[in-house]
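Single-structure report; data block below.
Every heavy atom of this structure was used, including side-chain atoms; hydrogens, water molecules and symmetry mates were not. Throughout, protein chains are lettered first and strands after them, A, B, ... in sequence-line order, and every chain is numbered starting at 1.
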Number of protein chains: 2
Amino acid sequence: MLYQVKDLAKLCKVPPDTVRHYTRIGLLKPERDPENGYFQYHISDSRRLEFIKKAKSLGFSLKEIEHILTESRKGKSPCPMVREIISQRIQENRVHLEQLMELQLRMEHALASWEKMPDGAPNGEHICHLIESAGNS
Amino acid sequence: MLYQVKDLAKLCKVPPDTVRHYTRIGLLKPERDPENGYFQYHISDSRRLEFIKKAKSLGFSLKEIEHILTESRKGKSPCPMVREIISQRIQENRVHLEQLMELQLRMEHALASWEKMPDGAPNGEHICHLIESAGNS
DNA sequence: GCTTGACCTGTGAGCGGCTCATAGGTTTAA
DNA sequence: TTAAACCTATGAGCCGCTCACAGGTCAAGC
């Protein structure tokens, strides 16, 4: 049983371009159909792709996933690395979340403070008085 | 008074590579020193760069900032556009925040559930049993 | 004047994870 | 059998830097 790009994509519910992307960067390694040069995927590729999806949903990067897959194929346990990566990712994401929440506050405050301000034509002094006034009150 | 890249960078407290980047994409448009081909910035470029920093801190993309600057230079008021963009960005960021908070929960739940699981050597059935087990309990 | 070294320069390429554009091949229906 | 619909692989583009690189500039020391 061999699958074309669109078949594997449909099977795993990802866009075909994602299958192509993973193939291009070596996360999937299909053979080629000698007749037309198309990629040929096996059922094992769908298990691999499902693993990639799961790992991605846990915040692993594609490069990290490739590393996990490589170690695993070499018979080494990727588990310690996996624990380490996710611990760090949790920290990083906490920082990222804080930054985005601050951004959200800045944007909301700005929009609110602009509520009663007129639209101004630009002049030599100001480019956009709304933006330039933000956060100064 | 003319500034080199590093001078403008220091004046506005941004990395020199950021000045170069903005120059490359046309957000800053310095002349060239005919002697050595270096970029020459005026004091007006520092006002422009400060505006870019402020707009960026409010979530505007560099392309949007360029658009604002262009409209403003043409004498049109960018204010309506500015209000529109930030309203949309607030919505987008809300969605983004929710997704990141969900990711954070998934990661924390996974790490907690792995607490009592052993590191497993890979076999034909599993690539990494930690990842594969996540979210199934 | 000369050299050494630190520091600076512009430019090309790379990052991540897709996504789109393109030119061409395959399949399906009439 | 021809037309249209759909699929293919591949190159380039997205964003906002950041790094690598080869070469230029400049001040200190002899």
Give the rounded distance in Å between these two atoms: CG of B/L8 and C1' of C/dC8.
15 Å
Tabulate atom names and distances for all N/O pairs under 3.5 angstrom spanning the protein and nucleotides 21-28 of chain C.
none

A/T18 or B/G37, whichever maps to the more 5' nucleotide of DNA chain C:
B/G37
Integer-rounded Å distance: C/dT9 C1' and B/H21 NE2:
18 Å
Under a 3.5 Å distance rule, please check whether B/E132 uses its side chain to pair with a backbone N or O of B/H126 as donor and acceptor.
no
Reckon B/R20 has a side-chain N or O less than 4.0 Å from the OP1 or OP2 of C/dT9?
yes
To the nearest Å, give me how far apart CD1 (A/I25) and C1' (D/dA9) are.
16 Å
Looking only at C/dG17, D/dG16, D/dA9, the nucleotide nearest the A/R32 side chain is D/dA9
Distance test, side-chain N/O of A/Y22 to OP1/OP2 of C/dG17, below 4.0 Å
no
Is any NZ, NE, NH1 or NH2 atom of the basic residue among A/D45 and A/K29 found under 4.0 Å from an Asp or Glu carboxylate oxygen of the other?
no
Rounding to an integer number of Å, can you tell me how far A/L62 CG sits from C/dG17 P?
4 Å
A/Q88 atom CD, over 12 foreign heavy atoms within 6.0 Å
no
Is A/E84 salt-bridged to A/R89, cutoff N-O under 4.0 Å?
no
Would you kindly give the CZ-to-P distance between A/F39 and D/dT8, to the nearest whole Å?
11 Å
Salt bridge flag under 4.0 Å for residues A/E108 and B/R94:
yes
Contacting residues from residues 42-60 of chain A, given that a heavy atom lies under 4.0 angstrom of DNA chain C:
A/K56
B/E50 bridged to B/K53 by N-O distance under 4.0 Å
yes
Specify the separation, in whole Å, of atom CD1 of A/I65 and atom C1' of C/dG17.
11 Å
Decide if atom CD of A/E92 counts as having more than 12 heavy atoms of other residues, nucleotides or ligands within a radius under 6.0 Å.
yes
Below 4.0 angstrom from OP1 or OP2 of C/dG16, is there any side-chain N or O of A/K63?
yes
Is B/S61 touching bases, backbone alone, or none of the nucleic acid, heavy atoms closer than 4.0 Å?
sugar-phosphate
Considering only nitrogen or oxygen atoms on both sides, find all protein atoms under 3.5 Å from nucleotides 12-14 of chain C and state each distance.
from: C/dG12; atom 1: N7; to: B/R24; atom 2: NH1; distance (Å): 2.7
from: C/dG12; atom 1: O6; to: B/R24; atom 2: NH2; distance (Å): 3.0

B/R20/B/D17 ion pair, N-O < 4.0 Å:
yes
Is it true that the side chains of A/S46 and A/Y3 contain a donor and an acceptor less than 3.5 Å apart?
no
Please report the distance, rounded to the nearest Å, between NZ in B/K6 and P in C/dC7.
12 Å
Counting only side-chain heavy atoms from C-beta out, which of C/dT11, D/dT8, C/dT9 sits nearest to A/V5?
D/dT8
In whole angstroms, the gap separating C1' of C/dG16 from NE2 of A/H67 amounts to 18 Å
Over 12 foreign heavy atoms within 6.0 Å of NZ, B/K76
no
